[in-house]
Amino acid sequence: YLKEFWNWVEGVNVVLFLLIGSQWAMYIMNNNRRSYTQVSTSFMDGIIELGDQYKTILQLAALNTIFSFMKAFKFLASSKRLHLLWDVLLSAGADLVPFFAIWGFI
């Protein structure tokens with residue numbers, strides 16, 4: 001079971017869903033967050049940590065989106081017509097990697 005690439009993709013996808021869920025629950029239950037939901041003129045201590053926690057959740061969600069798309073591509077190989085699209089994406093992969101790398105830097 002662990003030798004299959006697609007099983008690893010699905011496993012990572014599930015783990016990322018669990019991480020996002022737990023991080024979001026910790027973010028929602030954070031007592032410091034409640035003080036920032038009201039208008040206040042006092043200095044906002046701890047807003048950097050709260051922002052970092054939120055940024056981490058967003059980064060995990062972005063990574064999980066990539067793995068979700070990979071799971072969708074797995075099903076492209078199940079149909080003969082969709083398998084052609086899969087073959088085209090595989091052959092274009094070598095050209096697409098540098099493109100997405102530069103696009104990621106921008």
Side-chain angles (χ1 to χ4, degrees):
Y1 182 78
L2 294 177
K3 293 180 182 179
E4 294 281 331
F5 171 74
W6 294 113
N7 293 336
W8 280 98
V9 169
E10 290 189 29
V12 169
N13 188 242
V14 170
V15 168
L16 285 173
F17 270 125
L18 292 174
L19 277 173
I20 292 168
S22 65
Q23 288 288 323
W24 189 253
M26 289 181 353
Y27 176 77
I28 293 297
M29 293 186 299
N30 191 344
N31 287 333
N32 290 338
R33 189 182 74 83
R34 299 189 199 288
S35 63
Y36 300 120
T37 58
Q38 301 167 357
V39 177
S40 175
T41 58
S42 65
F43 185 74
M44 297 185 177
D45 290 329
I47 193 135
I48 300 295
E49 291 83 16
L50 196 62
D52 285 341
Q53 187 179 13
Y54 190 76
K55 186 175 96 172
T56 301
I57 294 169
L58 291 180
Q59 289 171 339
L60 285 173
L63 184 63
N64 199 25
T65 302
I66 293 170
F67 278 96
S68 296
F69 274 111
M70 287 176 70
K71 279 178 60 174
F73 285 132
K74 175 179 101 170
F75 296 108
L76 289 178
S78 63
S79 169
K80 283 187 176 186
R81 290 184 180 187
L82 294 177
H83 189 68
L84 177 64
L85 180 59
W86 177 250
D87 288 339
V88 168
L89 287 173
L90 281 178
S91 64
D95 295 329
L96 290 176
V97 169
F99 170 75
F100 282 116
I102 292 172
W103 189 48
F105 287 126
I106 296 174

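Scope of the values below: all heavy atoms of this structure, side chains included, with no hydrogens, waters or symmetry mates.
Note that the CG atom of Leu19 and the OG1 atom of Thr56 stand 11.0 Å from one another [nearest 0.5 Å]. One finds the CD atom of Gln59 at 11.0 Å from the CD atom of Gln23 (value rounded to the nearest 0.5 Å). Rounding to the nearest 0.5 Å gives a distance of 9.5 Å between CG of Asn64 and CG of Leu18. Once rounded to the nearest 0.5 Å, the distance linking CG of Leu60 with OG1 of Thr65 reads 10.5 Å.
By the rule that hydrophobic residues join a cluster once side-chain heavy atoms approach within less than 4.5 Å of another member, Tyr54 and Phe17 end up as members of separate clusters. Leu90 is connected to Phe67 through a chain of hydrophobic side-chain contacts under 4.5 Å among Ile, Leu, Val, Met, Phe, Trp and Tyr, so both are in one cluster. Neither Ile20 nor Val14 shares a network with the other; the hydrophobic side chains, linked directly or stepwise wherever heavy atoms of I, L, V, M, F, W or Y lie under 4.5 Å apart, form separate groups for each. No chain of hydrophobic side-chain contacts below 4.5 Å, direct or via other Ile, Leu, Val, Met, Phe, Trp or Tyr residues, connects Val97 to Ile102. Transitive grouping of hydrophobic side chains (ILVMFWY, heavy atoms separated by less than 4.5 Å) brings Phe5 and Val15 into a common cluster.
Pairing each heavy atom of Asn13 with each of Ser68, the nearest pair is ND2-OG, 3.2 Å.
When side chains are defined from C-beta on, Phe105 does not count as touching Phe100, because their heavy atoms never get closer than 4.5 Å.
The distance between the ring centers of Tyr27 and Trp24 falls below 6.0 angstrom.
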